[in-house]
Structure formats: structure tokens, C-alpha cells
Amino acid sequence: MTLKQLFERAKLLKQKLQEEESSERYREWLGRAKDVWRHYQPKEVKKKIAAIDSGWNYRTYCGFYLYAIRAIAVAPSSETVIEPVVEVDILPMEAEGSGLSPELYMKSIAECYEHDLASRASNLSDVVLVDGSILARLSEVRTLNRVKLFREYTAYVRPLRNSENILFISKYSQDRSLVGGALGDVYYINKATRGIGYTEPITTEKEEVNVSVFYVRLSENSDAIHVEVPAIIDSEYVKSVIDALYSTAVKGYPYALMIAHEMASVPNDLIDMLSEVAGLSVLPTAREVLEVG
Amino acid sequence: MVEIGIVVGEARPERIQFLAKDVVRVGEFVRADTVDGRVLYLVESSKLESKLLSKVGDYITAIEAREASKVNPRDTVRHCTARAVGLIEEILNGRRVYPTLPPDPGTPVFLAEDELLKRIFHNSSKEWVAVGKLLRRENVTVSVNLNKVASRHLAILAATGKGKSNLLALIAKRIAEKNGTMIILDYHAEYHELKIEKVKFVPPRINPRYLDSEELADMLDIRSDATKQRDLLRKVYGKDVVKSPDLWGTLKRKLESYANNEDEEFQTRATASRLLEIIDRGLAIKGKIFDTEAESPLNLIEPNKINVLDLSELTETQAQIIVAHYLTEILNDRKNAIFKRSSRFKSPVIIAVEEAHTFIPQDRSSRCSDVLARIAREGRKFGVSLILVSQRPCKLNADVVSQMGSFAISGLTHPKDQSFVMDVTDEVSTELGATLPSLNTGEMILAGQWVTVPALVKVDHVEEKHMGKDLDAIELWAEEANVRRKGISTEELIRL
């Protein structure tokens with residue numbers, strides 16, 4: 001019964017999207033995306049690149065959860081730039097009495113590690129790429145007020161300030177501040193343009209950190225990526241970023257970040273193995289208690 | 001000691017997977033330690049994969065991924081599977097003992113040393129003869145055990161042009177060196193220029209007195225659907241004809257009595273006349289095959305020699321009839337030898353059947369399939385063995401092939417042939433079978449009892465064997481045209 005309704009809703013949605021695409025305001029948003037886009041012919045410049053990413057996973061047991069985090073800084077050759085950070089521990093679900101979900105808790109810890117690695121890697125590399133958005137992170141930081149984590153988190157953000165060579169990269173950005181359309185900016189940019197290029201950086205301030213935001217496309221016919229730099233930069237800087245990254249980009253995404261993502265992830269089989277090694281595999285997990293028989 | 005990889009994934013006693021740091025080719029030998037001892041493995045598959053490039057779905061991304069992959073050595077993964085061929089200590093003592101436990105995951109995999117492989121594959125005992133080199137180690141000679149060929153049969157299964165007849169010629173040469181007796185049933189006249197020592201070319205001969213009327217009809221090329229002719233031949237080909245000193249004269253006179261008898265029906269007279277024509281034509285064309293005085297075909301075959309029986313001018317059925325008679329005689333003679341009765345062959349006889357699918361087809365029985373099946377089953381007891389040679393193994397009688405103790409295989413591309421080979425020998429796995437089409441001429445998988453352990457081998461080329469190569473049509477045309485031109489008179493040449 002509900003299936004039929006769901007499909008009917010999906011059909012309606014399709015209709016709505018089609019109507020939206022033929023509307024005047026949609027054309028306006030596309031026009032604005034086209035206006036802000038600057039075409040650029042890149043020149044290959046060899047730079048020392050480091051990519052930062054983290055992964056985490058957890059298993060819930062009665063009264064606590066086991067979690068594992070790893071954060072890494074790697075070069076495109078897969079060599080580690082800085083010693084990775086790993087953590088395996090158990091916590092009660094009400095971490096420090098905060099009511100913070102395991103996901104948010106681990107994400108925050110992992111981001112602290114990422115910021116620390118990025119800060120240290122910036123002294124060793126020309127360009128440091130971090131998977132994610134610093135602005136999004138700083139927007140959520142107040143929720144950490146509930147736990148002692150807030151101070152720790154901001155302590156790790158502080159060294160990033162004015163670091164021109166640290167770039168936060170988002171593939172699926174939801175930012176709407178540039179085009180101001182119904183959907184994220186990157187949606188309209190990808191519809192309106194297909195060549196290598198960029199948008200002029202716009203600087204904003206969050207939690208006492210100046211963040212410059214721009215979009216770049218590193219290879220033709222690929223999706224644009226959203227970039228944030230915790231410093232005030234200009235369009236010449238943006239061009240230099242394209243020069244440094246375009247030759248090793250795969251489908252418009254920096255290859256080093258792909259490797260970092262792969263090397264940092266904590267898949268289910270790994271967390272299961274850690275659970276075994278920690279002697280917890282005999283305990284029923286939260287999911288198992290739902291299984292009958 | 002060169003460490004080339006590490007055991008990963010699920011390891012089993014009979015098969016391991018390992019990640020290699022460098023190129024490891026199929027057919028290479030590696031070793032790894034198990035609780036049972038050091039084990040020799042044959043590399044059966046070698047896969048090279050870029051994790052990045054395996055995920056791309058379009059050309060432009062592939063170009064980008066290629067550049068990115070170049071800078072990341074971890075992106076390229078060399079994944080190999082290898083099959084255990086036995087505990088090294090036992091192999092060196094001439095035994096094939098398999099490990100009962102796999103190596104632990106993470107165990108280092110080493111390239112087997114040349115010296116070790118030389119000790120395993122080369123044997124200078126009198127029953128062993130050299131046939132080639134290991135495909136991946138050109139300095140390691142591979143020997144095969146001829147005693148096993150003479151007792152447990154051999155099948156040479158390979159696509160056209162992959163070196164079947166070269167291997168057979170090489171085996172013949174080695175048998176000749178050992179004073180052995182061999183008969184090559186040469187269906188396509190491939191061996192009539194074989195220039196090895198002790199070779200004897202034997203024309204096919206058969207005494208029609210030993211044939212029944214149906215066999216005689218086949219030998220005379222009477223069509224199988226010519227029932228009236230066959231019926232009349234059966235009627236006239238009685239004991240009086242068979243025992244007559246002038247067999248053909250007596251037979252023809254009996255047919256003439258039908259043809260000229262006004263009292264007989266017209267149809268019978270016409271049939272008799274036609275039979276007389278067929279016999280005259282048959283004797284004119286194939287008369288030399290029939291020898292009414294020959295006591296036994298065995299007298300033509302010489303012990304301790306390589307006897308090449310040329311069947312190329314016979315039809316399939318005629319060749320089958322001749323082969324059936326020869327092989328029956330040989331088997332009986334060897335039984336006599338074993339039971340200490342008078343015999344021609346005092347020592348084992350090896351029979352090589354070229355184009356074996358013609359003589360032991362899978363889907364039907366031939367005139368000689370019974371005797372071939374009998375030799376395959378019982379030949380070992382009496383010292384008669386088979387070497388079956390075919391490019392279409394799936395068309396061979398599976399029961400007969402399953403009696404083969406040893407195999408030489410190469411270049412089979414048809415999936416049915418590949419799966420047939422895997423069915424009849426457990427030493428050719430799916431992985432190894434997949435490499436068969438990529439083997440070059442002379443490169444073969446030798447497996448079974450005639451080798452110490454299965455191996456990919458580059459078989460020695462036999463210079464004394466000239467046939468079997470494709471004709472050089474361009475050269476032959478040019479030669480012929482040249483000869484003709486020389487025969488043209490000056491006047492004709494001016495006119496040209």
C-alpha cells in the first residue's frame with residue numbers, strides 16, 4: 001500500500017522538477033551561474049601535495065559502544081606524510097553525559113585529528129587537501145558546547161587560521177550563497193558550464209576564522225568542487241590551485257583525496273575484527289538483539 | 001632466495017593466492033613453507049590490476065586515472081594463484097606427496113631456485129628422456145619417463161600448429177634411441193619424411209581373406225546405402241571364395257554367373273555387373289593394399305623400429321578397418337609373448353594414433369573403436385600402449401581418454417575442448433586451462449605420470465621432421481611459374 005503511494009510521490013516529484021527547469025527563475029539561476037564562472041586554461045605546476053582524511057566506525061553493545069577512528073595524511077604515491085592517528089576505545093552511549101550521538105562524537109574527534117594533521121602537513125607540503133567543509137564544521141561546533149569537546153575542537157581549528165595552503169574540498173556541496181537558487185550552487189554551475197575554470201573567491205568569517213570560498217572544475221565535463229581556504233586569498237591564488245591539481249585529478253577530483261579516503265576508511269569487517277581482538281565479539285550487538293531465532 | 005610475494009586470502013592445502021611485488025608469469029614455480037614442510041607450487045594464474053583504472057567507465061576518466069595511477073605504486077596489484085604440486089623433499093625422492101595444510105597467511109613466497117628445478121625435472125636414469133626446457137626457465141631440462149608412456153598411455157591434445165606432430169616425432173626419436181618398437185598410424189601422411197634413425201615406412205596391406213563381406217565392401221568403396229550390392233556380395237563371398245587360391249578370380253566368376261544368367265531377375269544381373277565394375281576399379285586403384293598371400297600384417301611391422309603406417313590414401317572407414325586388424329593382431333601377439341607362446345614382438349609396443357578422433361569418435365563407434373578401447377583398458381598388462389593425438393579432444397571417446405595416464409596439452413581454444421581436458425585430467429585446472437589458447441607453438445603443458453610434476457614446457461624442435469608445416473604457397477607458385485617459363489620456346493617468349 002505504502003509502496004504505491006511512494007511511487008506516486010516520486011512521479012509527482014519528477015513533474016515538479018520538470019516544471020522547475022522550465023521556469024523563468026531557473027533560467028535566471030543558470031544565467032547567474034554562467035556569469036560567475038571564469039574559464040581558465042591551466043598550466044601544469046608540480047607541487048608537493050598531501051591529502052587528509054579520516055574514517056570511523058562503531059559497534060553498539062548493551063551499555064556502551066566500541067569505536068575505531070583513524071586519520072591519515074598521504075601523498076599521491078600513498079606514502080604517509082605524517083604518522084597516522086588511530087584510536088580504539090569503548091564509551092557509554094551518553095558520552096560524558098551529553099546525549100551526543102556516537103556519530104557526532106566520533107566525527108568531532110576525527111575532525112580534530114584531521115585538523116591537527118593538516119596543520120602539521122602544511123609545514124611539509126605545498127598544498128594540503130582536507131575532505132570536507134570547514135564552514136560546515138564550524139557551524140556545528142556549538143553543539144559540542146554540551147561536552148568538554150568544544151574547547152578541544154576549537155583548539156585544533158585555531159592553528160589553521162591564515163593557512164593559505166590548506167584547502168577543504170567538498171564534492172557534494174550544499175552551499176547556496178553564491179547563486180541563491182533553490183538547490184545548491186554547484187547544481188547550477190554544473191548545468192551552466194562544463195569547462196575548466198573557477199569562481200572568484202568570497203571571504204566569510206565563522207568562529208573567528210576567515211574562510212575564502214570558491215568553486216573550481218579541474219577537468220572538462222566533470223563536476224565542479226567546492227573549495228574553502230581558512231585565509232583570505234585572491235583569484236590568482238585560485239588559478240594556482242587549479243595549476244597544481246588539474247594534472248592528477250580523476251573525474252575532476254584530486255587523486256590524493258581518493259587515496260586518503262580509501263586508506264582511512266574503517267569498514268564493517270575491520271570493526272568486527274577489532275571487536276574480536278578486543279574480546280567483545282561474544283557479546284550481542286544492538287542489531288543482533290533485534291534478530292529473532 | 002628471492003622473496004616474490006606474500007600469501008594472502010584463503011589458502012588451502014592444494015592452492016594458494018599470493019600478492020606479488022613484481023611480474024610472476026603463469027608456469028613459473030614458486031615455493032612456500034607449510035607445517036608439513038617446504039612445498040613446490042605451480043603458478044596457474046597471474047592477474048595485474050589497477051584499482052583505480054578498474055573503476056573507470058569512460059575514456060577521459062581512464063586517461064586521468066592512468067596518470068594518477070602512475071604516481072601510486074600501491075594502485076597496481078599483482079594477484080597470483082598457485083597450485084601445490086607436492087612437498088619438495090618427497091618430489092626429490094621421486095614421490096608426489098601433497099601437503100595436508102596450507103601455508104599461514106602472510107607466509108613469504110619464494111621463486112624456486114634453478115638448481116632445485118634441475119634436480120626435480122632432469123633425470124638421467126635410463127627410462128627418462130629429455131623433451132625440452134621449462135617454459136619459464138630455459139636452463140632447466142625437462143625429462144619424461146618413457147616406461148610410463150609404454151605402460152600407462154599418453155594423450156597429445158593440441159590445436160593445429162601447436163606442435164603435436166613435432167612432439168610425437170620427438171618421442172619416436174627417443175624411443176628409437178632406446179631400441180623401442182613403435183607404430184605411427186599416419187592418417188595424413190605427416191611422417192613420410194621423418195628422417196630419424198630406425199624408421200621404417202610401412203605400406204598398409206591387408207589380406208581380404210581376413211575380412212568379412214561388410215568390411216570387404218567398405219574396402220572396395222561400396223556405398224553404405226547400396227544394400228543390394230552389399231547383399232549380393234555377402235551371398236557370393238563364402239568360404240569357397242575365401243579359401244580359393246585365386247580369391248579375386250573365384251569371386252568375379254561367381255558374380256559373372258549372376259550377371260550372365262538370363263534366369264536371374266534383371267535387377268540382380270545389373271547389381272552383379274555393377275559389383276564386377278566396382279571390384280575391377282577397386283583393384284586398379286587400391287589393389288596393392290590387398291595381399292591375398294599375406295599371413296599376418298604383423299610381418300610388415302618390425303620390432304625395435306619406428307614403423308610409420310601410411311593411411312593417407314584410405315577413406316576413413318578403410319583406415320579404421322586396417323587399424324582394427326593391425327591392432328587386434330598386435331594385441332594378440334603381445335598376449336602370446338606374455339604367455340610365453342610364439343610371438344613377433346618380444347617387448348612392449350607403443351601405438352601412436354594420429355587424428356585419433358577419426359578412430360575413436362565420441363558420438364559413435366568406429367570399426368576400430370573396440371580394439372582401441374580394449375588396448376586402453378588392458379594394454380598395460382600385455383605391453384601395448386597408446387599415444388592418442390588429436391586437435392579436437394571433445395570429439396574423442398571420453399572413456400578411452402580417461403585411461404590415459406599422461407598428457408601433453410596446448411593451444412586449445414574451444415571451450416568444449418578445454419572442459420573435456422579438465423574433465424579427464426585433474427592436473428589441468430580451470431586457471432591453467434585458461435592459459436591454453438595463449439601458448440605458442442611448441443609450448444605445452446605436460447602432466448600425468450610421465451613427468452615428475454606437471455609443468456609448462458618448451459618442447460625441443462625435431463629437425464628430422466619436415467612435415468606438418470603450412471605450405472609456402474607463394475614460393476611454390478613462383479617456382480612452378482618459373483619452371484613453365486623455362487619450358488617456353490624463344491618464339492613463344494617473343495610473342496608474350
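All chains are named by letter (A, B, ...) in the order of the sequence lines, taking the proteins before the strands, and each is independently numbered beginning at 1. The shown structure was predicted, so the numbers you read here are calculated from the model rather than taken from an experiment.
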Open item on the list: Just checking A:Q41: does its CD atom have more than 12 heavy atoms from other residues, nucleotides or ligands closer to it than 6.0 angstrom?
Closed with: no

- [ ] Using a cut-off of 6.0 Å, state whether more than 12 heavy atoms not belonging to A:K48 lie near its atom NZ.
- [x] no

- [ ] Answer yes or no: does atom CD of A:E103 have more than 12 heavy-atom neighbours from other residues, nucleotides or ligands under 6.0 Å?
- [x] yes

Open item on the list: To the closest 0.5 Å, what do you measure between CD (A:E262) and CZ (B:R74)?
Closed with: 10.0 Å

Open item on the list: What's the separation between atom CG in B:N72 and atom OG in A:S77, rounded to the nearest 0.5 Å?
Closed with: 6.5 Å

- [ ] Could you tell me the separation between the OH atom of A:Y255 and the CG atom of B:D75, rounded to the nearest 0.5 Å?
- [x] 4.0 Å

Task: side chain to side chain contact (heavy atoms under 4.5 Å, CB included) evaluation trace for A:K251 with B:V56 - done: CA-CA 9 Å; A:K251 259 187 164 175; B:V56 301; over 6 Å; no

- [ ] Answer yes or no: are there more than 12 heavy-atom neighbours, outside A:H261 itself, under 6.0 Å from its atom NE2?
- [x] no

- [ ] Please check if atom CZ in A:R38 has more than 12 non-hydrogen atoms from other residues, nucleotides or ligands closer than 6.0 Å.
- [x] yes

TODO: Name the region of B:K51, side chain, backbone, both or neither, that has any atom closer than 4.5 Å to a heavy atom of chain A.
DONE: side chain

Task: Heavy atoms of other groups near B:R96 CZ, more than 12 under 6.0 Å - done: yes

Open item on the list: Atom CD of residue position B:E67 - does it have more than 12 heavy atoms of other residues, nucleotides or ligands inside 6.0 Å?
Closed with: yes

Task: Per-residue contact mode, B:L52 against chain A (heavy atom under 4.5 angstrom) - done: side chain

- [ ] Starting at CD of A:E220, measure out to CD1 of B:I60 and round the result to the nearest 0.5 Å.
- [x] 8.0 Å

Open item on the list: Please classify the contact between A:T248 and chain B as side chain, backbone, both or neither, with a heavy-atom cut-off of under 4.5 Å.
Closed with: backbone

Open item on the list: I need the B:E64 CD to A:S247 OG distance, nearest 0.5 Å.
Closed with: 10.5 Å

